[in-house]
There are 2 protein chains.
Amino acid sequence: MATTKGETTAQRAREAALHLFARHGYAAVSMREIAGEVGVGAGALYNHFATKQDLLNELMVGHMTDLLAAWEAEPASQEDAAPREALEAFVRFHIKFHRSKTDEVFISYMELRSLEPPNFHRIEKLRGMYEARLAEILDRGAAAGVFHAPEPRITAMALIGLLTGVTSWYRQGGRLSAAEIEELYVDMVARAVQPLPGAGG
Amino acid sequence: MATTKGETTAQRAREAALHLFARHGYAAVSMREIAGEVGVGAGALYNHFATKQDLLNELMVGHMTDLLAAWEAEPASQEDAAPREALEAFVRFHIKFHRSKTDEVFISYMELRSLEPPNFHRIEKLRGMYEARLAEILDRGAAAGVFHAPEPRITAMALIGLLTGVTSWYRQGGRLSAAEIEELYVDMVARAVQPLPGAGG
DNA sequence: GTCTATACCTTGATAGAC
DNA sequence: GTCTATCAAGGTATAGAC
């Protein structure tokens, strides 16, 4: 099965590239290094990816597509979910997903600048769609009076930054377990958007 | 004045490198490009920086040192400042400083992986010191009962991630002014660490 | 301090045998 | 589909004249 063998090499190349790009950066990694990791010659990679740029783009599109699809598959992503439950579910989903895909996450926002314009714009659009999912939840919550979020879109970007940050310092085997950290974040986000009892909003 | 001329070239090289590294990444920028921006030959740069790595390291150490010194110069950084005022001051300081040094900020945490081990550890130590400043404020506030921050160090890292995120999407001339965004963040941070009336902490 | 010239290496990508 | 060989370009860093 020539096709199977080919897909295997392509897949292994994607995995190797993912790891190397995350560790050293796109520009600092050569096609030879990737090929070496897979165990083939450098030229062989060009049977699967037209250029190095295409390889990077494939990784990033794949990650953002997976991210969006995974959230859509969550029950709480339905438009009729209660805002507070939806927000908590989003936080837990985001942290879990990002912790399980450290390399993909790292690349997808460190290597934005390595993308050529058309690829860059595609990724930015996908990222915007993901932010919009959270903004919608905040918007519905604010309308229902259970959230304080005067600027849902800004708040969404800020919160995603907060949540994504966890991947930059979380280390397995640290003092706190993944579950404990998740609780801290759920709590922090809930507080960040809660209406104050005495205040106007 | 040979010395003066030399310092000028070194300084211009630092500025050019700062901009180019931030825009394209350390690995993607060549010494030739930097020299071209300054208007000298590539070889001339080696009179001022032993290696390209040294140039990057100088930029990052300089930025982190400036950041720490600038915070120490703020009145609210004193250990006897009231926690709530200190926290608000920290948020405003951090946002202003980071917005005024977009390139430095970008590099200082995108190019950590481009640093060789000894340089890397120096920067990590400086970063840890900055985080510790915020953690102290949270700690004092928690002790005084005005903050809910069960894990001051974790909360500090999370909040810094939240605040730093603003540089990744803030664009001058956007719908919201810099001052408006600052208020949103001050408010969000205050909420994130406030004790809940009914709850235990 | 800067120049030109250059040594030496690695890069992304291609060609043609197998 | 992978190999080896190869190309042209560009990388960091150095040497010696001015």
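Throughout, a chain's letter reflects where its sequence line sits, starting with A, and its residues are numbered from 1.
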Expressed as a whole number of angstroms, how long is the span from A:Tyr26:OH to C:dT11:P?
13 Å

Could you tell me which residues satisfy ring pair (Phe, Tyr, Trp, His ring centres under 6.0 Å) with B:Tyr130, sequence neighbours excluded, listed by chain and number?
B:Phe90, B:His94

Apply salt bridge (Lys or Arg N to Asp or Glu O under 4.0 Å) to A:Arg153 and list each qualifying residue two or more places apart in sequence or on a separate chain.
A:Glu131

Can you check nucleotides 3-10 of chain D for protein contacts, nitrogen or oxygen pairs under 3.5 Å, and list what you find?
{"from": "D:dC3", "atom 1": "OP2", "to": "A:Gly41", "atom 2": "N", "distance (Å)": "2.3"}

Report the distance from atom CZ of A:Arg12 to atom C1' of D:dT2, rounded to the nearest whole Å.
14 Å

For B:Met31 and C:dA7, give me the distance from atom CE to atom P, rounded to whole Å.
21 Å

Heavy atoms from C-beta onward define the side chain here; which of C:dT14, D:dT2, D:dT12 lies closest to that of B:Tyr46?
D:dT12

When you measure from the side chain of A:Thr164 to the backbone N and O of A:Gly161, does any donor-acceptor pair fall under 3.5 Å?
no

Flag this pair as yes if the NZ/CZ of A:Arg99 is under 6.0 angstrom from the six-membered ring centre of A:Tyr170 and inside a 45 degree cone about the axis; otherwise no.
yes

Whether B:Thr9 contacts C:dT2 is assessed here as follows: a side-chain N or O lying under 4.0 Å from the phosphate OP1 or OP2. Is that the case?
yes

note: A:His48, atom NE2; D:dG1, atom C1'; distance rounded to Å ~ 6 Å

Restricting to ring pair (Phe, Tyr, Trp, His ring centres under 6.0 Å), what partner residues turn up for B:Phe93, sequence neighbours left out?
B:Trp71, B:Phe97

Write out a two-atom table: protein N or O, nucleotide N or O from nucleotides 16-18 of chain C, distance below 3.5 Å.
none

Taking only residues two or more places apart in sequence or in another chain, which ones pass salt bridge (Lys or Arg N to Asp or Glu O under 4.0 Å) with B:Glu136?
none

Rounded to whole angstrom units, what separation is found between the CD1 atom of B:Ile34 and the C1' atom of D:dG11?
12 Å

Are A:Arg113 and B:His24 linked by a side-chain donor-acceptor pair shorter than 3.5 Å?
no

Take the protein atom NZ of A:Lys52 and the nucleotide atom P of C:dA13, then report the distance between them rounded to whole Å.
8 Å

What does B:Val29 touch in the nucleic acid at a heavy-atom separation under 4.0 angstrom: a base, only the sugar-phosphate, or nothing?
sugar-phosphate

Are the side chains of B:Val146 and B:Pro195 in contact, using a 4.5 Å heavy-atom criterion?
no

Would you kindly give the CG-to-P distance between B:Leu20 and D:dG11, to the nearest whole Å?
12 Å

Under 3.5 Å, is there a donor-acceptor pair between the A:Gln11 and A:Arg14 side chains?
yes

For the pair made of CZ in B:Phe49 and P in D:dT12, what is the distance, rounded to whole Å?
14 Å

